[in-house]
Amino acid sequence: MGEHTAESLAELFLPAVGPEGVKTSAADIKEFSDPYTSKEAPGERPIIIVQPETVEEVQAVVRIAGEHGIYLSANSTGRNYGYGGGAPVVDQTVVVNLRRMNKVIEINEKAAYAEVEPGVSFFDLYNAIQDGGYKLSMSVPDLGWGSVTGNALEHGMGYSVYGDHASAICGMEVVLADGTLVRTGLGAIPDSEMWHRHKRGFGPSVDSLFMQSNFGIVTKVGVWLMPQPESVTTGSVICDNDENIATVLDALQPLVASGVIQGQPLMTCAPQPPEGERATPETKTDGKSKLYKLSASLPPGRFNARIAFYGTPELNEVKERQLRETVKDIEGVTVELRTYAGDAKAEDVHPLDLVPMGIPNMFLLDVLKAHFGESFGHIDFSPVMPFDGKPAAEFEAYAQKVLREEDLVAAFGWIGSPRSIAAVNMVFFDTNDADERARAVRAVKKMGQYAVERGWSEYRAHPHIIDEVVSSYTFNDGALHNLYTTLKDALDPKGILAPGSHGIWGTSQKHLHA
């Protein structure tokens, strides 16, 4: 990369993507750098942005990069700010942003899937479903502006029936480092109607190789959707007793494992503010403590489990009775539920219920900025651990201790699945305060060390803590990451695709990490 300038790179890629596909302005570079890192901070900054519009243009970009030894770092929309946004791991990399590839190619109501390009956001897919009158429901994360594809490739999570977004992917189209186009699974049969209906074809399934990796650039995916339920009951199990958080977790786990509680419940924790009361999103919090602002930004209660039931009204009523019976004797617990028709629109739904209803929105970010200000930033930390009350509550107590020591607060929560929970933590800081930003990074590293000592690991990571995550994968002298290097060398021998992404380096690029 050393001999290339922004001007020479723009000239190289211009024939492949046209003038609309090359971005070099300071504003463009800033947009695809870490949005929460100060401009004085070194590293993780692109040299130019290339935005192809078709798969053929992606192939052309990759071939040019291979010919000239140029590093590329691909992203879909680059919106996941808590994990670094669209920033590359290696400074002065060419960012390949796929926002212009934003077609919803197909929606199949009977088979309940969509085929989308990587630039399709959750808003885009939702609008396409609504505009087409399809009786389908989708899973969405807390913020709807991100990419359906990008979120799934990063093992991102939503909360309804197909809330494990990586598992909802069925069939990919991928551009390899030499420009070869591959369709995985039954997509390898030309024009197969089975590509997005059945995950495995004949031979090994390779789809996961292109998730959280740098082995190829994904240009299409099939994503499974849920047939629109007749009725949805959703809301919260709220606990205001610190001592019973573990008890509530243990009570909810069998309901998630058995499918009584459907999807992946979000369970948030917010300590009592020093003001002695909790705020609501509408409360004016200027001049108040960080914990008071936090209570205004998160769902009510010291502990709040957002749950949902999908199906007929009669079936949901049975599940609701079972939930209420399960928690009725736990001190300090209340249950607040609301019921909607499966086709309810955003304007008819409580803001806290939009996500479990599969309606993309920006409510969380809007509330956070309203209480913490426009310079609000966060670094995310997300270890996975057993769905077991005692260790989970112990971790929450430790995390809150670290946050107090660093004078920080975090949106702390867990996303539940039958056997495990992912502790999703947004550690807040003021992007204009370099010291507070440094304390936030230090806090997540402390929490990361605690997780490693328990045998846990983050399920995704900000570039600032990739090395800490990878360093714990030590079984048999790091055999797993040695395998990743072997795969990288085989699939991308020149090492042009996103060196260092998720801690994966080709043999010829490891000097960049020295």
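- Between I379 atom CD1 and Y36 atom OH the span is 11.5 Å, to the nearest 0.5 Å.
- Put simply, the side chain of H462 does not reach to within 4.5 Å of the side chain of V444, judged on heavy atoms.
- Using a 4.5 Å heavy-atom threshold, the side chains of M101 and V58 count as touching.
- S382 places a side-chain heavy atom less than 4.5 Å from the side chain of Y83.
- Evaluation of the side chain to side chain donor-acceptor pair (under 3.5 Å) test over residues 245-270, restricted to residues two or more places apart or in two chains, returns Q262-K319.
- In this structure, S375 contributes its side chain and T431 its backbone to no donor-acceptor pair below 3.5 Å.
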Requested in this report: Evaluate the side-chain contact (heavy atoms from CB on, under 4.5 Å) criterion for residues I70 and H4: first the C-alpha distance (whole Å), next the side-chain angles of each, then the deciding distance (0.1 Å), finally the verdict.
Outcome: CA-CA 8 Å; I70 299 165; H4 298 290; 3.8 Å; yes
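- The CG atom of N361 lies 9.5 Å from the CG atom of L352; values are rounded to the nearest 0.5 Å.
- For A479, the side-chain contact (heavy atoms from CB on, under 4.5 Å) partners are N476, not counting sequence neighbours.
- Judged by distance alone, the side chain of E115 and the main-chain N or O of G222 form no donor-acceptor pair under 3.5 Å.
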Query raised in the report: Can you list the steps and then say if N241 with R302 is a side-chain contact (heavy atoms from CB on, under 4.5 Å)?
Result: CA-CA 7 Å; N241 185 331; R302 172 67 178 89; over 6 Å; no
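- Scored by the salt bridge (charged side-chain N to carboxylate O under 4.0 Å, His left out) test, R200 finds no partners at all (sequence neighbours excluded).
- Residues passing the side-chain hydrogen bond (donor to acceptor under 3.5 Å, both in side chains) test with S236 are N304, sequence neighbours excluded.
- Ring geometry, W414 versus F412: the interplanar angle exceeds 60°, so the pair is classed perpendicular (tilted spans 30 to 60°).
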Query raised in the report: Between R437 and D433, does a salt bridge (Lys or Arg N to Asp or Glu O under 4.0 Å) hold up when you go through it step by step?
Result: CA-CA 6 Å; R437 183 188 307 110; D433 186 334; over 6 Å; no
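- Summarising the geometry, atom CG belonging to L72 is positioned 8.5 Å from atom OG1 belonging to T93; distances are rounded to the nearest 0.5 Å.
- With rounding to the nearest 0.5 Å, the separation of NZ in K401 from OH in Y450 is 11.0 Å.
- Annotation: side-chain hydrogen bond (donor to acceptor under 3.5 Å, both in side chains) contacts of N80 (sequence neighbours excluded): none.
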Query raised in the report: Given K23 and E31, is the salt bridge (Lys or Arg N to Asp or Glu O under 4.0 Å) satisfied, shown in steps?
Result: CA-CA 11 Å; K23 308 292 184 184; E31 182 177 5; over 6 Å; no
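- Of the possible donor and acceptor atoms, none in the side chain of R278 sits under 3.5 Å from a partner among the backbone N and O of S295.
- The side chain to side chain donor-acceptor pair (under 3.5 Å) contacts involving residues 415-429 comprise S417-S420, where partners must be two or more places apart or lie in separate chains.
- When each of L512, I466, I504, N214 is checked for a side chain to side chain contact (heavy atoms under 4.5 Å, CB included) with V89, only I466 meets the rule.
- For S208, the side-chain hydrogen bond (donor to acceptor under 3.5 Å, both in side chains) test picks out no residue, with sequence neighbours left out.
- Contact record, I330 with A251: CD1-CB, 4.0 Å, taken as the closest heavy-atom pair.
- Minimum interatomic distance between V256 and P265 (heavy atoms only, all atoms of both residues): CG2-CG, 3.8 Å.
- By the side-chain contact (heavy atoms from CB on, under 4.5 Å) test, E458 pairs with F381, I465, V469, sequence neighbours left out.
- Looking at N244 and V333, their side chains never come closer than 4.5 Å, going by heavy atoms from C-beta outward.
- Under the 4.5 Å side-chain criterion, counting only non-hydrogen atoms from C-beta, I217 is not in contact with V61.
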Requested in this report: Please step through side-chain contact (heavy atoms from CB on, under 4.5 Å) for the pair Y113 and W195, ending with a clear verdict.
Outcome: CA-CA 11 Å; Y113 71 78; W195 187 19; over 6 Å; no
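- A donor-acceptor pair under 3.5 Å links the side-chain atoms of K494 to the main chain of G66, judged by distance alone.
- N75 has its side chain out of reach of S73: every pair of non-hydrogen atoms, C-beta onward, lies at least 4.5 Å apart.
- Side chains of V327 and C239 form no contact here, defined as non-hydrogen atoms less than 4.5 Å apart.
- Not one N or O on the side chain of D489 forms a donor-acceptor pair closer than 3.5 Å with the backbone of G506.
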Requested in this report: For the pair Y473 and S457, evaluate side-chain contact (heavy atoms from CB on, under 4.5 Å) and give the outcome as yes or no after the intermediate values.
Outcome: CA-CA 9 Å; Y473 285 67; S457 172; 2.8 Å; yes
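- Annotation: Y81 is not in aromatic contact with H378 [ring centroid separation under 6.0 Å not met].
- Taking the six-membered ring wherever Trp is involved, the centroid distance between the rings of Y459 and H155 does not fall below 6.0 Å.
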With a cut-off of 3.5 Å and sequence neighbours excluded, list every side-chain donor-acceptor pair involving residues 138-146.
unit_1, atom_1, unit_2, atom_2, d
S139, OG, H165, NE2, 2.7
D142, OD2, Y159, OH, 2.5

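- Sorted by first then second residue, the salt bridge (charged side-chain N to carboxylate O under 4.0 Å, His left out) pairs that include residues 370-384, not counting sequence neighbours, are K369-E374.
- Considering NE2 of H481 and NZ of K488, their distance stands at 12.5 Å, rounded to 0.5 Å.
- At least one donor-acceptor pair closer than 3.5 Å links the side chain of Q212 to the backbone N or O of E154.
- For the residue pair A410 and L403, the shortest heavy atom distance occurs at CB-CD1, 3.7 Å.
- No donor-acceptor pair closer than 3.5 Å links the side chain of W456 to the backbone N or O of G448.
- For S160 against Y310, the heavy-atom pair with the smallest separation is CB-OH, 3.2 Å.
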Acceptor/donor pairs from residues 167-177 side chains to any protein atom, 3.5 angstrom cut, sequence neighbours excluded:
unit_1, atom_1, unit_2, atom_2, d
S167, OG, D164, OD2, 2.9
E173, OE1, T219, OG1, 2.7
E173, OE1, K220, NZ, 2.9
E173, OE2, R183, NE, 3.0
E173, OE2, R183, NH2, 2.9
E173, OE2, K220, NZ, 3.4

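- The shortest heavy-atom contact between A308 and T234 is CB-OG1, 3.8 Å.
- At least one side-chain heavy atom of L408 sits less than 4.5 Å from a side-chain heavy atom of E436.
- Among all heavy-atom pairs drawn from C269 and F303, the shortest one is SG-CD1, 3.9 Å.
- For R63, there are no side-chain hydrogen bond (donor to acceptor under 3.5 Å, both in side chains) partners, not counting sequence neighbours.
- Between the side chain of S147 and the backbone N or O of P118, at least one donor-acceptor pair lies under 3.5 Å.
- Between atom CG of residue D207 and atom NZ of residue K199 there is a gap of 8.5 Å, rounded to the nearest 0.5 Å.
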